[in-house]
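Position 1 is the first residue of the sequence; numbering continues from there. All of these numbers come straight from a predicted model, not from anything done at the bench.
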Amino acid sequence: MASITVVMAQINLLVGDIPGNTQQVIANAEQALAEHQADVVLYPELTLTGYPPEDLLLRPSLEARIEQALQTLMDAQINTTLVVGYPRCVGGAVLNMAGVIQNGQLVAEYTKQCLPNYQVFDEKRYFQAGSQPCVVDIHGVTTAITICEDVWLAEPTAQAKAHGAKLMLNLNASPFSRSKRAERHRLLANRAQEGDLAIVYTNLVGGQDELVFDGGSFVVDSQGEIQYQAPFFEEDLYAVTIDVADSGSVTVPTQSKTELPSELAAIYQALVIGVRDYVNKNGFKGVVLGLSGGIDSALTLAVAVDALGKDRVEAVMMPFRYTSDLSKNDAADEAERLGVRYQSISIEPMYDAFMAGLAEEFAGTQRDTTEENLQARCRGVLLMAISNKKGYLVLTTGNKSEMAVGYSTLYGDMAGGFDVLKDVPKVTVFELSRYRNTLGEVIPVSVIERPPSAELAPDQKDEDSLPPYPVLDEILERYIERDQSATEIEAAGFDSAVVRRVLRLVDVNEYKRRQAPVGVRITERGFGRDRRYPITNGWKIGD
């Protein structure tokens with residue numbers, strides 16, 4: 001019987017930092033050898049560049065940088081097998097590759113065959129697909145190499161089986177979405193059974209702009225049973241031993257199965273890691289946000305503190321004549337519970353100055369949303385000034401429901417660098433706030449229980465302008481996530497006038513979303529690279 005110890009390097013990389021990522025590969029390999037006596041160390045997809053490198057792949061110096069990185073890895077002479085991902089320039093084409101390095105030599109390379117070109121993926125823009133399998137001997141085990149999407153389709157597994165592979169090593173950079181974990185498990189179980197081989201699935205972890213990679217590396221045996229599950233959202237090295245009998249049967253002795261987090265826990269962890277990596281990888285000293293006393297800013301503040309610690313977070317209440325005492329008290333209460341720097345700056349003087357300056361221009365007109373938007377823009381100016389002075393990133397607090405229908409103010413509450421809740425529907429905001437309070441009650445209960453309001457007018461409530469959030473979110477989910485038409489949504493029992501009003505609001509507010517800050521993606525249809533609709537168009541709502 002042959003046994004092989006595979007170490008899954010579930011690591012957090014910096015896109016574009018090829019020298020830094022290369023040194024991290026070496027350090028991880030040395031650690032895996034010392035702590036686990038690793039026979040092979042399996043890294044994520046495009047390890048050396050990080051994922052996704054986007055148009056960095058088009059830079060003329062890419063080829064030389066990758067060649068230098070590979071030479072550095074070979075020169076390190078690490079006494080174990082490395083399976084590393086990188087882009088490779090061959091005959092004018094760029095290939096998404098995995099290399100096998102043994103004894104200081106690049107002994108085999110594999111080119112990714114299945115290039116995803118949907119949702120956030122643009123791989124056909126950059127890469128040329130491969131067609132051939134890569135099967136090598138690693139520590140006496142006939143092993144196939146595949147990359148990410150290759151295990152979603154049957155052909156690469158069939159190739160591996162035809163070449164006698166008993167083990168498949170799969171490099172991944174699979175981004176988080178709320179429904180992804182079960183789908184990964186199901187697909188790999190099917191492939192393992194089809195190929196009569198064990199599969200080791202190593203996934204990237206960490207935040208990259210709107211994407212969060214959740215790790216969750218795992219191993220399935222040839223029967224399709226999960227025999228090892230690494231933690232989600234945690235960077236570390238995870239070792240597993242695989243046995244291949246002389247008869248060819250493959251077994252993976254059960255070693256560890258980390259309990260899967262609940263959906264709410266996973267979403268919350270994704271938000272935390274998304275904020276942490278965006279702030280830290282871009283070199284911000286900390287963050288500042290407007291704390292209104294409402295639920296969106298309350299949840300955003302909790303996420304920020306969990307991501308960065310209280311000493312790197314500042315909250316600012318910016319009251320106006322319509323701001324209730326309850327909002328002021330709740331904001332101050334949460335800031336005290338979380339221990340962040342907190343101050344209150346009234347926007348009354350600057351609002352009055354703007355109105356005085358605009359008096360002639362506004363003469364003879366009636367008060368409308370213009371004055372409401374001016375309040376939000378006064379707040380945006382204050383936060384951006386603090387950002388500039390202190391080197392802090394402004395966190396905006398708009399949720400997906402509001403972003404969908406344009407219930408937000410350009411250059412006001414949308415002014416900032418990162419929107420934590422950009423892909424979180426309002427109903428989920430409430431659920432996440434309750435979840436966070438189970439870990440320690442930091443969000444005042446009154447914030448969660450009272451009706452949402454922007455407090456830009458006397459006695460204002462969100463439902464004065466929008467359908468109730470449970471109704472709104474269901475309509476939005478059907479239109480945005482499932483691409484259902486107005487007719488289909490109406491057939492599901494929703495009021496026709498409400499449906500058509502909501503869908504029109506979504507369509508006409510594309511221009512706002514184009515100017516919105518980046519934010520963490522938690523669904524499969526976020527307002528970023530997932531959804532690319534023209535601002536100017538004549539499409540009519542209907543079928």
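- Using a 4.0 Å cut-off between charged side-chain N and carboxylate O, Arg478 and Asp483 make no salt bridge.
- Atom CZ of Arg514 sits in a crowded spot, with more than 12 heavy atoms from other residues, nucleotides or ligands closer than 6.0 Å.
- Ion pairing between a basic and an acidic side chain is recognised when a charged N comes within 4.0 Å of a carboxylate O; Glu488 and Arg482 show no such pairing.
- Judged purely by distance below 3.5 Å, without hydrogens or angles, the side chains of Asp507 and Tyr479 pair a donor atom with an acceptor atom.
- A salt bridge links Asp55 to Arg125: one of the charged nitrogens lies within less than 4.0 Å of a carboxylate oxygen.
- In this model, a donor atom of one side chain and an acceptor atom of the other lie less than 3.5 Å apart for Arg450 and Ser327.
- Cation-pi geometry between Arg531 and Tyr533 is met: the NZ or CZ atom falls under 6.0 Å from the ring centre, inside 45° of the normal.
- With hydrogens and angles left out, the side-chain atoms of Asn373 and Tyr411 include no donor and acceptor closer than 3.5 Å.
- A donor-acceptor pair shorter than 3.5 Å can be found between the side chains of Asn12 and Asp277.
- Donor-acceptor pairing under 3.5 Å is recorded for the side chains of Arg184 and Ser174.
- Note on residues 413-425: pairs passing salt bridge (charged side-chain N to carboxylate O under 4.0 Å, His left out), not counting sequence neighbours, are Lys400-Asp423.
- The pair Asp352-Arg321 meets the salt-bridge criterion, with a side-chain N (NZ, NE, NH1 or NH2) lying under 4.0 Å from an Asp/Glu carboxylate O.
- Side-chain atoms of Ser297 and Thr300 form no donor-acceptor pair, as typed in the model, at a separation below 3.5 Å.
- Residues Arg379 and Phe320 have side chains in contact (heavy-atom distance under 4.5 Å, counting atoms from C-beta outward).
- Under 3.5 Å, the side chains of Gln10 and Ser217 contain a donor-acceptor pair of N or O atoms.
- Relative ring orientation between Phe284 and Tyr278 is described as parallel, the plane-to-plane angle staying below 30° on a 0-90° scale split at 30° and 60°.
- Salt-bridge formation is not detected for the pair Arg525/Glu481: no Lys NZ or Arg NE/NH1/NH2 atom is positioned less than 4.0 Å from an Asp or Glu carboxylate oxygen.
- Of the N and O atoms on the side chains of Asn280 and Asn282, not one donor lies less than 3.5 Å from an acceptor on the other residue.
- Using a cut-off of 4.0 Å between Lys/Arg side-chain N and Asp/Glu carboxylate O, Asp473 and Lys426 are scored as not salt-bridged.
- The residues Glu441 and Arg436 are annotated as not salt-bridged, no charged nitrogen and carboxylate oxygen being separated by less than 4.0 angstrom.
- Aromatic rings of Phe176 and Phe213 (six-membered ring for Trp) have centroids beyond the 6.0 Å cut-off, not under it.
- For Arg513 and Phe527, the positive end sits near the middle of the six-membered ring, less than 6.0 Å away and at most 45° from its axis.
- Classification of Glu45 and Lys112 as a salt-bridged pair holds, one side-chain N sitting under 4.0 Å from a carboxylate O.
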